[in-house]
Amino acid sequence: MEWKIALAGNPNCGKTTLFNALTGSNQYVGNWPGVTVEKKEGRLKGHRDVVIQDLPGIYSLSPYTLEEVVARGYLVNEKPNAILNIVDGTNIERNLYLTTQLIELGLPVVVAVNMMDLVQKNGDQVDLDRLGGALGCPVVPMSALKGEGGQQAAEQAMAAARSGQSGEHPHVFTGSVEHAIAHIEESLEGRVDGRYLRWYAIKVFERDEKVLAELDLPETLRAHLEEHIADCERELDDDAESIITNQRYTYISGVVERSVRKKSPSHALSASDKIDRVVTNRVLALPIFALVMFLVYYIAIGTVGTWATDWTNDGLFGDGWFLSGGSGYEDDKGAYEEASTVIDGYLSAAEAAGVDVSAFSEARETGMPEPAVLDAFLAQTGDLETEVYFYDDESGETTTQTIAAADFTSALSVTEPDPADYGTWINGIPAAVGNWLESVGCADWLSGLVVDGIIGGVGAVLGFVPQMLVLFLMLSLLEDVGYMARVAFIMDRIFRKFGLSGKSFIPMLVGSGCGVPGVMASRTIENERDRRMTIMTTCFVPCGAKMPIIALFAGALFGGSGLVAVSAYFIGVAAIILSGIILKKTRGFSGDPAPFVMELPPYHVPAARNVLRATWERGWSFIKRAGTVILASSILLWFLQGFGYVDGVFGMVENNDHSLLASVGSGIAFLFAPLGFGTWQAAVATLTGLIAKEEVVSTFGVLYSGNLSLEIARAYTPLAAYSFMIFNLLCAPCFAAMGAIKREMNSAKWTFAAIGYMCGFAYAASLMTYQLGGLILGQVPFGPGTLAAALCLTGLLFLLFRKNRNDENHLTIHTAAPAAAK
Ligand code: GDP
Ligand code: MG
């Protein structure tokens with residue numbers, strides 16, 4: 001037979017930590033409410049016949065929040081064999097409120113007092129025997145984080161499940177209430193599972209609508225019971241629900257008084273409180289948050305991450321790297337590249353001037369041309385002069401220089417340096433694989449597919465994995481330390497100003513890893529309007545997959561500037577805030593935000609395992625996608641960009657400007673021209689970004705062969721690149737996230753509205769950036785585009801500052817049904 005044990009407890013009491021330890025699974029341990037909305041199942045290690053159920057954290061078994069509905073539904077309908085109730089030992093009084101209700105369910109309950117490490121550190125004492133005696137169930141100590149006592153607690157729960165016996169119900173309520181409950185119990189007998197009798201009776205007493213609907217009692221019986229309840233209310237001069245709540249609290253404080261001894265009730269502030277005084281300070285909170293995020297992105301993209309990514313992009317997925325030695329190679333290689341630029345520039349200028357370059361070019365293919373050939377060529381060019389552009393890899397700057405015949409001849413004498421002469425050189429993957437394919441006599445097209453298509457596309461994405469891991473590591477650290485919970489609290493103050501609550505920030509926080517769980521995390525928001533609005537804006541936060549886009553452009557055009565990367569994050573946050581202000585003034589979203597109650601867990605030293613696990617999980621899903629979706633679409637893209645019609649004949653094309661892909665891209669590129677990136681490549685990349693955001697980068701990897709950063713720097717001005725980045729950060733998310741939006745919105749209309757809104761917002765933001773920015777910098781002439789941008793700006797300002805005409809609707813919002821009623 002299969003045994004079912006349910007883990008129940010308040011949010012943040014350590015259920016998931018215990019669940020992971022008991023089942024060996026990898027569920028997300030979060031430091032805020034709402035992370036575990038769905039219940040998770042796993043099998044107890046070493047006992048395949050025991051199923052452990054991780055329930056969402058709840059404070060009570062009332063049906064008011066989604067978490068409560070899920071947990072209560074499971075406990076009442078699925079009838080687990082035992083409940084393992086996790087109690088936060090540092091906060092026993094509040095936790096017992098749920099415990100007393102769990103006991104009333106009539107199932108075997110074992111209470112595990114968690115965080116015993118903290119209890120001991122605080123110097124408090126918990127008399128577990130006395131506590132168990134008062135509650136009428138076994139009570140065991142535990143420290144889930146330290147891995148102490150979890151196994152024993154599970155075994156106790158198993159023993160309780162096997163015995164199938166629940167303890168004596170503790171005497172929680174006063175005589176008259178117990179009397180009424182006893183009456184109700186009597187009438188319900190036979191109508192409900194005998195074990196749950198007391199729980200149902202208490203719920204009927206409280207007039208719990210869900211339970212009353214479920215029981216569907218005959219009218220006369222209902223009226224009869226109502227009399228008993230009303231009697232009791234009259235006697236105690238309070239309404240039934242409050243009577244139960246108050247008496248429960250009275251009972252609990254009695255129990256706590258007898259079994260818990262706090263070390264001198266000190267009034268001194270704990271270290272956490274002291275930190276919070278600064279970190280959540282009204283004035284300092286925001287600058288500190290901005291600084292923290294700045295550091296996170298700066299380190300991830302600007303410093304540590306860049307170093308790692310440079311190696312993967314230029315070494316592993318580039319030409320190669322030096323195992324040892326190598327000094328001087330970079331300089332010589334730079335000189336050679338400059339010389340090549342001079343030669344190519346001069347040749348094309350000569351060709352443009354009508355000089356026949358074929359003889360010279362042909363001779364050059366087999367080595368240095370004979371002096372006679374060179375002289376003949378130079379005789380034709382005479383005093384031809386032309387401008388060439390040099391691109392500096394390090395700073396991302398482009399410089400121009402005028403060259404003449406003399407520069408050309410001296411450039412010819414520069415030979416390509418062979419890295420092997422400078423030290424131990426390891427070929428990068430493209431070179432190694434390319435050489436190997438050549439040595440086995442592989443067809444040109446196939447080696448093109450492998451090197452340019454597959455390695456180019458997948459490698460372009462994988463190259464950013466180190467940066468991403470650094471980013472995820474830091475975000476996980478901040479989370480586990482407890483800082484992110486503070487941020488939700490800080491953001492609540494700001495969000496509230498324009499009508500959202502801090503609850504909306506949690507999905508955004510989760511969304512900085514991936515938009516899909518981010519959108520899903522919006523489930524805990526009870527207010528339907530706030531929930532929709534949160535879903536619509538969550539994907540504005542740059543998710544992990546958008547990182548490579550940011551990193552690519554920051555690296556190619558802004559010298560790897562951390563500032564550009566940080567700005568991407570804050571553009572996302574600004575987009576959310578602006579959207580909040582605009583949307584709240586529309587009819588569909590107006591209303592006051594729901595109150596946001598959140599407990600700030602004390603800061604603690606992060607658990608290496610949690611942090612590494614969270615980092616790895618986020619990173620791994622990224623790598624997995626590179627090996628599947630990205631791989632498949634890179635192959636497809638390579639074919640589409642390699643074939644096309646030339647002069648009416650279908651075949652492989654020399655220049656991918658003539659490819660099928662180019663015709664598709666050119667077809668929509670006009671849409672993006674006003675945004676500054678009207679190339680077919682950018683259009684295609686934006687489209688493929690819908691498959692997965694990493695695709696944007698991998699598409700560029702396939703389309704621009706050679707050094708990606710260099711090609712990007714040649715093809716886009718910094719302003720156009722920034723505009724491209726903004727558009728791709730804010731526009732419709734990937735299909736997976738759109739799917740999540742559709743599931744959570746549960747309406748085609750709202751799904752389209754959300755995606756349309758994101759695209760529209762992104763377009764307007766890019767248009768304003770490119771056109772108005774360009775006008776100021778003198779790079780874009782005044783024209784229809786500028787006019788459209790100015791209109792956008794006016795419209796935006798109007799939407800932002802218009803009077804909120806829906807203010808008078810406030811009252812209707814307060815009566816909005818809670819999520820449970822859906
Ligand atoms: P859940 O919300 O009940 O699932 O709680 P989690 O398992 O997500 O844990 C919430 C936080 O409490 C995490 O930061 C854990 O690292 C921390 N935690 C869990 N158990 C213990 C414990 O025994 N001691 C201490 N000090 N921290 C713990
Ligand atoms: Mg949890």
Side-chain angles (χ1 to χ4, degrees), residues 6-42 52-60 65-68 70-71 74 83-92 94-95 98-99 102 111-124 126 140-154 270-272 475-486 488 506 509-510 517 521 524 597-615 617:
L7 297 186
N10 288 8
N12 264 330
C13 66
K15 289 177 305 298
T16 305
T17 308
L18 178 67
F19 177 83
N20 285 343
L22 292 180
T23 62
S25 82
N26 267 343
Q27 292 304 337
Y28 194 75
V29 178
N31 233 336
W32 49 69
V35 167
T36 319
V37 182
E38 279 172 288
K39 43 195 175 42
K40 306 253 167 59
E41 235 180 44
I52 309 257
Q53 186 84 46
D54 186 20
L55 295 177
I58 46 172
Y59 293 108
S60 130
T65 67
L66 189 59
E67 288 94 332
E68 285 169 355
V70 171
Y74 179 81
I83 300 172
L84 181 51
N85 173 213
I86 320 290
V87 162
D88 176 352
T90 60
N91 222 329
I92 290 185
R94 195 199 61 208
N95 280 246
L98 175 68
T99 306
L102 292 174
V111 172
V113 180
N114 191 25
M115 317 245 180
M116 283 311 274
D117 53 322
L118 289 181
V119 173
Q120 269 152 17
K121 213 172 98 199
N122 294 347
D124 300 342
V126 184
V140 293
M142 183 171 79
S143 176
L145 193 64
K146 301 248 143 73
E148 287 162 12
Q151 202 58 41
Q152 288 87 325
S270 69
S272 266
L475 289 179
S476 309
L477 264 178
L478 286 177
E479 232 175 80
D480 209 50
V481 163
Y483 180 66
M484 284 307 188
R486 270 78 187 170
I506 290 158
L509 210 55
V510 178
T524 55
V597 184
M598 171 172 186
E599 187 193 341
L600 296 182
Y603 290 98
H604 64 102
V605 178
R609 249 183 17 160
N610 283 352
V611 172
L612 292 179
R613 178 188 288 149
T615 307
E617 255 172 42

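Values in this document were obtained by computation on a predicted structure and should not be read as measured data. Every number for a ligand or one of its atoms is a count from 1 in the order of the listing. For the numbers below, each heavy atom of this structure counts, side chains included, while hydrogens, waters and symmetry mates do not.
Partners of Met116 according to the side-chain contact (heavy atoms from CB on, under 4.5 Å) rule, which considers only residues two or more places apart in sequence or in another chain, are Val113, Val119, Pro141.
The shell of residues lying under 4.0 angstrom from ligand 1, judged by heavy atoms, includes Cys13. Heavy atoms of Lys146 stay at 4.0 angstrom or farther from ligand 1.
Residue-level proximity to ligand 1 for Thr17 is carried by backbone and side chain together, each with a heavy atom below 4.0 angstrom. Of the heavy atoms in Asn12, both backbone and side-chain atoms come closer than 4.0 Å to ligand 1. Residue contacts with ligand 1 for His604 involve side-chain atoms from C-beta outward but no N, CA, C or O (heavy atoms, distance under 4.0 Å). The side chain of Leu118, and not its backbone, has at least one atom closer than 4.0 Å to an atom of ligand 1 (non-hydrogen atoms only; side chain from C-beta on).
A distance-only check finds a donor-acceptor pair linking the side chain of Asn114 to the backbone of Cys13 [under 3.5 Å].
Taking a cut-off of under 4.0 Å to the non-hydrogen atoms of Asn114, the atoms of ligand 1 that pass are 20 (N), 21 (C), 22 (C), 23 (O). Interface of Asp117 with ligand 1, defined as ligand atoms under 4.0 Å from a residue heavy atom, comprises 22 (C), 23 (O), 24 (N), 25 (C), 26 (N). Close approach of ligand 1 to Asn610 (heavy-atom distance below 4.0 Å) involves ligand atoms 16 (O). Against a heavy-atom cut-off of under 4.0 Å, Thr16 is close to the following atoms of ligand 1: 1 (P), 4 (O), 7 (O).
For the pair Asp480 and His604, the tightest heavy-atom approach, listed with the atom from each and the gap, is O-NE2, 3.0 Å. Here the shortest heavy-atom pairing between Asn85 and Leu98 reads ND2-CD2, 4.5 Å. Here the closest non-hydrogen pair linking Leu18 and Gly150 is CD1-CA, 3.6 Å.
The side-chain heavy atoms of Gln152 and Val140, taken from C-beta on, include no pair separated by under 4.5 Å. The shortest side-chain heavy-atom distance between Leu22 and Gln151 falls under the 4.5 Å cut-off.
Any N or O atom pair closer than 3.5 Å counts here, and Ala144 shares at least one such pair with ligand 1.
The OG1 atom of Thr90 sits 6.0 Å away from atom CE of Met115, with the distance rounded to the nearest 0.5 Å.
The option with the heavy atom closest to atom 27 (N) of ligand 1, from among Asn20, Leu145, Leu7, Val481, is Leu145.
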